[in-house]
Amino acid sequence: MRLTCPLCGERDRREFYYYGAEDYLHRPGEGASLAEWDSYLHLRDNVAGVVRDLWYHEAGCAQWLVVTRNTVTHEISGVELVAERAK
Amino acid sequence: MRYSGLKVITEGLFGNRGWTPAWRDPAPKAEYDVIIIGGGGHGLSTAYYLAKNHGITNVAVLEKGYLGGGNVGRNTTIVRANYFLPGNSEFYSHSLKLWEGLEAELNYNVMHSQRGLINLFHSDGQRDAFVRRGNAMINQGDDAILLDRDGVREHLPYLDFDNTRFPIYGGLLHPRGGTARHDAVAWGYARGADRRGVDLIQNCEVTGIDIQGGKVVGVQTTRGAIRARRVGIVVAGRSSQVAAMAGMRLPIESHVLQAFVTEGLKPVINHVVSFGMGHFYISQSDKGGLVFGGDLDFYASYAARGNLPMVEHVMEAGMTLMPMIGRAKVLRSWGGIMDMTPDGSPIIDRTHVEGLFIDCGWNYGGFKAVPASGWCMAHLMATGEPHEVARKFRLDRFATGHLLDEEGTGSQHNLH
């Protein structure tokens with residue numbers, strides 16, 4: 001598996017750390033209920049197909065990335081910077 | 001038909017013409033008392049114990065492919081009871097006891113071989129952790145023997161004891177640990193369940209779960225609708241998809257775990273051995289192949305194959321520990337889809353829908369749990385109450401904080 005980092009180009013999977021589903025970007029705000037925290041931390045759609053998840057370019061530019069990929073075929077269709085996305 | 005040594009001999013003398021299929025191939029009926037979704041190890045053992053322990057025989061097991069075609073046919077066959085935490089410890093202890101009587105129970109040769117399992121340690125800190133684990137195992141009534149370096153050498157003379165980077169300090173021997181023939185476990189339970197009247201229905205994919213007024217009333221399948229007041233979801237890596245049919249979102253992320261087997265060799269590795277400083281464990285099958293594996297690929301995946309970095313890591317770790325295997329040729333590698341929970345422990349519980357139960361989250365350790373998982377899931381579905389040894393495998397424990405984090409690494413999806 002190779003990921004194309006927007007800053008570094010196409011790199012081996014070993015340079016990246018997988019964090020988990022995109023859900024981690026949607027941290028509950030102050031005063032959120034326990035159910036919202038449980039959902040944020042633990043519950044997942046766990047889709048067999050196209051997903052968006054968070055990867056960290058640990059051995060490269062140290063940027064957090066949102067990777068769009070297919071969990072059945074391992075095909076990668078997009079890699080964006082979390083920083084750019086937040087703008 | 002009852003199997004016996006005499007039967008094998010007489011059939012051999014008469015051209016093996018007398019064998020009959022081990023189970024029927026029934027068409028689904030319109031209604032059952034209980035439906036089990038998933039015809040793998042856990043689903044089949046659940047059906048077996050529903051019939052055997054609770055007298056509930058009007059049961060259907062619905063399998064979208066063929067029986068035992070999932071993880072029970074794809075694992076590295078290790079059977080052990082070396083858990084530490086209350087909640088896990090009694091459960092796996094119960095499972096190992098069931099394994100020890102399984103062949104007589106099922107009248108089926110599951111080739112359970114208690115060849116001993118040795119977890120190696122390579123530092124003082126690891127030794128302390130294994131002493132503690134061994135004491136927990138002994139307190140549970142199971143067996144554990146702490147081996148020093150020379151003790152390990154007696155059992156495993158072929159390890160690289162000269163390795164200075166990862167010196168072998170000793171190992172924790174679990175004599176009752178070992179391996180079993182993975183497919184045979186599924187087949188044995190399937191045959192046992194069928195003989196007690198359970199309908200095993202293959203090529204029957206569940207496409208929907210029918211719920212009325214908060215109660216389950218049946219399922220939709222590719223072979224039509226089937227009614228039942230009690231339904232169990234026992235589908236391992238596909239748990240999230242089936243649970244979603246009942247409107248649930250599970251604390252599960254499915255990951256791929258790879259395993260490998262070499263060409264057949266003469267007997268050389270007599271135990272199950274795990275390396276403490278890299279992801280590598282190994283045993284030798286009765287056919288002679290070295291069966292070994294490592295850790296997850298560490299990304300969510302439903303592809304039943306992995307990537308090369310973990311292959312490389314496992315091979316490197318194996319060569320570091322036991323250089324003698326370097327000349328064996330790898331015959332094949334494969335991947336299985338693991339239903340990973342945030343704390344690394346399983347779930348056997350009711351759901352928010354009355355009559356709907358779930359048995360999932362077996363992470364990469366489901367094989368050894370097959371007997372006790374079925375035992376406890378059957379108990380839950382028959383009585384409505386969790387079995388004593390599985391009472392901590394709750395679905396809501398992540399929300400309430402009652403975690404079962406055996407590794408002590410935290411409760412987060414990428415940590416186990």
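Chain A is the first sequence line, chain B the second, and so forth, proteins listed ahead of strands; every chain is numbered from 1.
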Inset, instruction - Could you tell me whether Leu25(A) atom CG has more than 12 heavy atoms of other residues or ligands within 6.0 Å of it? - result: yes

Inset, instruction - Could you look at Leu250(B) and say if it's the side chain, the backbone, both or neither that has a heavy atom under 4.5 Å from chain A? - result: backbone

Legend entry - Greatest number of heavy atom pairs closer than 4.5 Å to chain A - which of Ala244(B), Ala399(B), Ser239(B), Ala304(B): Ala399(B)

Inset, instruction - Report the distance from atom CZ of Arg14(A) to atom CD of Glu312(B), rounding to the nearest 0.5 Å. - result: 4.5 Å

Legend entry - Where Val72(A) and Ala303(B) come nearest, the two heavy atoms and their spacing: O-CB, 3.2 Å

Legend entry - Polar contact flag, side-chain donor to acceptor under 3.5 angstrom, Tyr18(A)-Asp297(B): no

Legend entry - Contacting region of Phe16(A) [heavy-atom separation from chain B under 4.5 Å]: neither

Inset, instruction - Indicate, with yes or no, if the rings of His74(A) and Tyr299(B) have centres closer together than 6.0 Å. - result: yes

Legend entry - Point-to-point distance, once rounded to the nearest 0.5 Å, from CZ of Arg44(A) to OG of Ser254(B): 12.5 Å

Legend entry - Whether over 12 other heavy atoms sit under 6.0 Å from Arg27(A) CZ: no

Legend entry - Donor-acceptor contact present, side-chain Tyr302(B) to main-chain Asn46(A), <3.5 Å: yes

Inset, instruction - Would you mind checking which part of Arg238(B) comes under 4.5 Å of any heavy atom in chain A, side chain (CB onward), backbone (N, CA, C, O), both or neither? - result: side chain

Inset, instruction - Supply the atom-to-atom distance Asn307(B) CG to Asp12(A) CG, rounded to the nearest 0.5 angstrom. - result: 9.0 Å

Legend entry - Donor + acceptor pair across side chains of Tyr24(A), Asn414(B) (<3.5 Å): no

Legend entry - From His42(A) atom NE2 to Leu403(B) atom CG, the distance as rounded to the nearest 0.5 Å: 6.5 Å

Legend entry - chain B contact via Trp55(A) - side chain, backbone, both or neither, heavy atoms under 4.5 Å: side chain

Inset, instruction - Look at Arg249(B) together with Asp23(A) and state whether they make a salt bridge at an N to O cut-off of under 4.0 Å. - result: yes

Legend entry - Contact origin within Val47(A) toward chain B - heavy atom pairs under 4.5 Å: backbone

Inset, instruction - Go through the atoms of Glu253(B) and report whether side chain, backbone, both or neither lie under 4.5 Å from a heavy atom of chain A. - result: both

Legend entry - chain A contacts, top residue of Ser411(B), Ala300(B), Pro342(B) (heavy-atom pairs, under 4.5 Å): Ala300(B)

Inset, instruction - Would you mind checking which part of Leu41(A) comes under 4.5 Å of any heavy atom in chain B, side chain (CB onward), backbone (N, CA, C, O), both or neither? - result: backbone

Inset, instruction - Against chain A, label His255(B) side chain, backbone, both or neither, depending on which of its atoms sit under 4.5 Å from a heavy atom there. - result: side chain

Legend entry - chain B contact via Ser39(A) - side chain, backbone, both or neither, heavy atoms under 4.5 Å: both

Legend entry - Neighbour count above 12 (heavy atom, 6.0 Å) for His352(B) NE2: yes

Legend entry - Heavy-atom neighbours of Arg394(B) CZ exceed 12 at 6.0 Å: no

Legend entry - chain B interface, residue from Ala21(A), Ala35(A), Ala48(A), Gly20(A) that has the most non-hydrogen pairs under 4.5 Å: Ala48(A)

